[in-house]
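A short write-up of the structure that comes next.
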Amino acid sequence: MRWSKLFIPTLRDAPADAEAASHKLLVRGGFIRQLHAGHYSLLPLGLRVHDKVENIVRRGMEQIGAQEFLLPAMHPASIWQRSGRWESVGPEMFRLHDRKEADLALGMTHEEVFSHIATEITSYRSLPQIWYQIQWKFRDEPRPKSGLLRVREFAMKDSYSFDLDDAGLDHAFEVHREAYTRIFERLSLDAIAVQASSGMMGGTGSVEFMVPSPAGEDDIARCNNCGYAANVERATSTLAPVDDGDGSSELTRFPTPGVRTIAALETVEGGAPAHRQIKTMVMVLDGAITLALVRGDHQLNLQKLADGTGAADIRAAEPSETVEHLGAHPGSLGAVGVTDLPIVADHALRGRRNLATGANTDDWHYSGVDIDRDIAVGEWLDLREVSAGEPCVNCGQPLEVVRCIETGHIFKLGRRYAEAMGATVLDADGVARTITMGSYGIGIGRAMAAVAEVHHDDRGLIWPAAVAPYAAVITVASMRDDAAVTAAERIYGELRGLGVEVLLDDRDARAGVKFADSELIGVPWRITAGRAVADGEVELTTRSTGDTERVAIDDAAAAVAALADAARS
RNA sequence: CGGGACGUGGCGCAGCCAGGUAGCGCACCUGCUUUGGGAGCAGGGGGUCGCCGGUUCAAAUCCGGCCGUCCCGACCA
C-alpha cells in the first residue's frame with residue numbers, strides 16, 4: 001500500500017483527556033478515534049491490528065478443535081429470563097424495545113444463546129464439544145476509560161465447552177488454559193494465569209490471564225519463588241502469629257475523645273497496636289446492614305465479602321445509617337454486644353483476645369475484647385486483602401502485588417445454564433443427564449491495547465511482527481531523488497511478490513516527518529531509500545532496537561522477507 | 001452512583017475574573033525557497049465559543065438549568 005493513498009491521520013499531540021500510553025499512541029498513530037465514551041472507531045491501521053489479534057486467537061481456538069459460530073448480538077429477553085440473569089445483571093445490560101414493545105437485550109455474553117443451541121445435543125456420544133465465536137459484546141460499563149482498555153462495545157472471543165461430567169469439564173478447562181497461554185505468547189504478552197473470583201458468572205472455578213501494566217485495573221499477588229499467583233480478590237498469605245498476652249482480660253470501656261482512626265487508637269492510653277485492634281466495617285449487603293470485621297491493620301476486600309456472603313450488591317453504610325443502627329459515627333464503631341445485626345469476621349481474628357475496638361458511642365472504645373466471649377460472630381470468612389511482602393501460603397517467600405490488565409478469563413460454569421435451558425443428553429445407560437459447561441473469554445480490543453501498553457517507547461508504538469499493521473515500511477527520503485524512488489519502487493514490488501505486507505512511504509514530505517511517523521505507527525522494519533542508494537544500498541532499521549544496517553538494493557527485499565518469516569514461526 | 005475537573009476550527013491551548021462582535025501553535029490550501037530527524041517566507045480557508053433559557057444596548061465572558069467528556073473510588077474481556 002502507498003502511504004500517500006492511505007488514511008493515517010497521525011497527530012503530533014495526544015488528546016488532552018488521554019491518560020494511558022496505549023490510548024495516546026493509538027489515537028496519535030491514527031489507529032482509533034473516539035465516537036463517544038466507550039465507543040471507538042477502528043481506522044484502517046487499527047482494523048489491521050485488530051484483525052491480526054483476532055486471527056491469532058482464532059488459530060488458537062482451531063488448534064484445540066473448537067468450532068466457530070456467529071450468534072446474534074441482539075437477544076430476546078426470554079432467554080435471559082430463563083437463566084435468571086434478566087433480573088440479576090442489572091443496569092450493565094443494554095436493554096431496548098422493538099416496535100411491538102417486546103423486551104430485547106444487546107448481548108453482553110452468550111452463555112444463554114449457546115446453551116440454548118446445545119439443547120440439540122441429545123446423545124453423550126456427541127460430547128465433548130467446544131464452540132466459539134468472535135462477536136461484539138455490549139456492556140453499559142459504569143465507567144469506560146483508557147481508550148480501548150475499557151469500553152462499552154467490543155469484540156470478544158467467547159468459547160464454551162460442553163461435557164458429560166466433571167472430568168470432561170476439567171479437561172476442557174485445562175485445554176483452554178494451555179491454548180490461552182499459547183495465544184498470549186503469540187501476542188507477545190506476558191500473561192500470568194491467576195486464581196480468580198467468578199463474579200457474576202458463577203461456577204466452581206476460574207482463572208484470569210493478567211498482563212502486568214500500570215494501566216491495568218486489577219491487582220494480583222504472586223510469588224516469584226513457587227509461582228503462586230492469585231487476584232487479590234482471591235489471594236491469601238501466611239500471617240505471623242500474634243501474641244495477645246497471657247490469660248483473658250476484662251472487657252473495659254474507656255473514653256477516647258477525638259479518636260477516630262486505627263492509627264489514633266494505637267497511641268492513646270488504653271489503646272493497642274493496629275494488629276491488636278478490630279476494624280469494624282459497616283456494610284450494606286443487598287440492602288441489609290452487616291458488620292464485617294477485620295484486623296486493624298488489614299484491608300477489607302469487597303469481592304471477598306461478596307463471594308463469602310453471596311451478596312450481589314455491596315456498599316459501605318452512610319454515617320447516618322451507622323448512627324441509626326449502632327448509635328455512633330464511623331471511628332467509634334464495634335461489634336461488642338451487637339446481636340440484632342449479622343456479623344462476619346475474617347479468619348485472622350479467630351480466637352483472639354485482649355483487643356481494642358469501638359464501643360458504639362462516639363468517643364468511647366473497648367479494650368480487653370475477647371472475640372469468642374464478647375462478639376457474636378455469625379460466620380468466619382476470608383475477607384482480608386493480602387499486602388505485598390506477606391509470606392506466600394505455599395513456600396513462605398514474600399509475595400509481590402502487581403497491577404495488571406485482565407486480558408482473558410476462563411470459568412468452570414458447571415450445570416447452571418444447561419439446566420436453565422434444558423440442555424440434557426442421554427448417557428450410555430439411557431439416563432438423561434444435564435450437560436456441564438465452561439466459558440472462556442478474550443477481549444480482542446483490550447488485548448490489542450495491552451500489546452500497545454507493553455510495547456512502546458517515547459517515539460511511539462513498537463508492534464510485535466505478529467500483530468503489526470504492516471511488516472515493513474519503505475521510506476523514500478526524498479521523492480525528488482529519482483534513483484531513490486526507483487530503488488524503493490523496485491523493493492516494494494519485490495516484497496509484495498514475496499507476500500510481505502509493506503507500506504511505501506511515497507508522500508512528498510521531509511525525511512524527518514516520515515521517520516517520525518514510521519516510528520509512531522510502530523512498523524517493525526523500515527527500509528530507507530536515500531543517500532545510500534548512490535552506493536547501490538538502502539538502510540534497514542529495526543524499530544524495536546533502532547539498529548540500522550546497510551543492505552544492497554538487490555538483497556533488501558529478501559532480507560526483510562527473511563526477518564518477517566522468522567518472526568512468523 | 002459518590003467525589004473532582006473540563007467543554008472555544010481536525011489536535012493542543014489562550015481569551016472568561018474586570019461583557020464591546022474570537023485569537024495563538026500544529027495541521028490544511030496556494031506560491032517561492034528548502035530537502036536525512038516533525039523546514040522558512042508570503043498569502044489563504046475553516047469556529048452555531050456543548051445545548052437551552054435568563055440578565056444586558058451588547059454575552060465565549062455574568063446567572064440558572066440541561067447535556068457531554070475526562071480523572072479518582074464501587075464492576076468486567
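In what follows, chains are A, B, ... by sequence order, proteins preceding strands, each numbered from 1.
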Looking only at side-chain atoms of [X], point me to the closest of [options].
{"X": "A/Phe411", "options": "B/A77, B/C71, B/U69", "answer": "B/A77"}
{"X": "A/Ala511", "options": "B/C70, B/G38, B/G36", "answer": "B/G36"}
{"X": "A/Leu302", "options": "B/C76, B/G37, B/C75", "answer": "B/C75"}
{"X": "A/Glu141", "options": "B/U69, B/G37, B/A77", "answer": "B/A77"}
{"X": "A/Arg139", "options": "B/C70, B/U34, B/A77", "answer": "B/A77"}
{"X": "A/Asp218", "options": "B/A77, B/G37, B/C76", "answer": "B/C76"}

Whole-angstrom distance between [N] and [M], as gauged at atom [atom1]:
{"N": "B/G54", "M": "B/U61", "atom1": "C1'", "value": "15 Å"}
{"N": "B/A77", "M": "B/C62", "atom1": "C1'", "value": "48 Å"}
{"N": "B/C17", "M": "B/A60", "atom1": "C1'", "value": "14 Å"}
{"N": "B/C52", "M": "B/A59", "atom1": "P", "value": "14 Å"}
{"N": "B/U56", "M": "B/G68", "atom1": "P", "value": "31 Å"}
{"N": "B/G2", "M": "B/C75", "atom1": "C1'", "value": "15 Å"}
{"N": "B/C26", "M": "B/G43", "atom1": "P", "value": "15 Å"}

Could you tell me which nucleotide pairs with [N] by Watson-Crick or G-U wobble geometry, both distances under 3.5 Å, or answer none if nothing does?
{"N": "B/U48", "result": "none"}
{"N": "B/U30", "result": "B/A42"}
{"N": "B/G23", "result": "B/C13"}
{"N": "B/G53", "result": "B/C63"}
{"N": "B/G36", "result": "none"}
{"N": "B/C70", "result": "B/G4"}

Heavy atoms under 4.0 Å, any strand shown: does [X] hit a base, just sugar-phosphate, or nothing?
{"X": "A/Ala316", "answer": "nothing"}
{"X": "A/Thr528", "answer": "base"}
{"X": "A/Ala477", "answer": "base"}
{"X": "A/Val151", "answer": "base"}
{"X": "A/Ser518", "answer": "nothing"}
{"X": "A/Glu208", "answer": "nothing"}
{"X": "A/Ala16", "answer": "sugar-phosphate"}
{"X": "A/Lys137", "answer": "nothing"}

Any N or O donor-acceptor pair under 3.5 Å from the base of [N] to the side chain of [X]?
{"X": "A/Arg28", "N": "B/G38", "result": "yes"}
{"X": "A/Glu318", "N": "B/G2", "result": "no"}
{"X": "A/Asp13", "N": "B/C13", "result": "no"}
{"X": "A/Arg446", "N": "B/C76", "result": "yes"}

Under 4.0 Å from OP1 or OP2 of [N]: is there any side-chain N or O of [X] that close?
{"X": "A/Arg143", "N": "B/A74", "value": "no"}
{"X": "A/Arg12", "N": "B/C26", "value": "no"}
{"X": "A/Gln303", "N": "B/C75", "value": "yes"}

Judged by each residue's nearest nucleotide on RNA chain B, which is more toward the 5′ side, A/Glu519 or A/Arg315?
A/Glu519
For A/Arg507 and for A/Glu233, locate the closest nucleotide of RNA chain B by heavy-atom distance; then report the residue assigned to the nucleotide nearer the 5' terminus.
A/Arg507
Give the B/S/- string for nucleotides 43-52 of chain B, one per nucleotide from 5' to 3', where a protein heavy atom under 4.0 Å of the base yields B, of only the sugar-phosphate yields S, and otherwise -.
----------
Do A/Ser320 and A/Glu318 have a side chain donor and acceptor closer than 3.5 Å?
no
Is the ring centre of A/Phe154 under 5.5 Å from the base ring centre of B/A77, and are the two planes under 30° apart, so that they stack?
yes
Heavy-atom count check: over 12 atoms from other residues, nucleotides or ligands less than 6.0 Å from A/His455 NE2?
yes
Where along residues 173-189 of chain A does a heavy atom come under 4.0 Å from RNA chain B, residue by residue in number order?
none
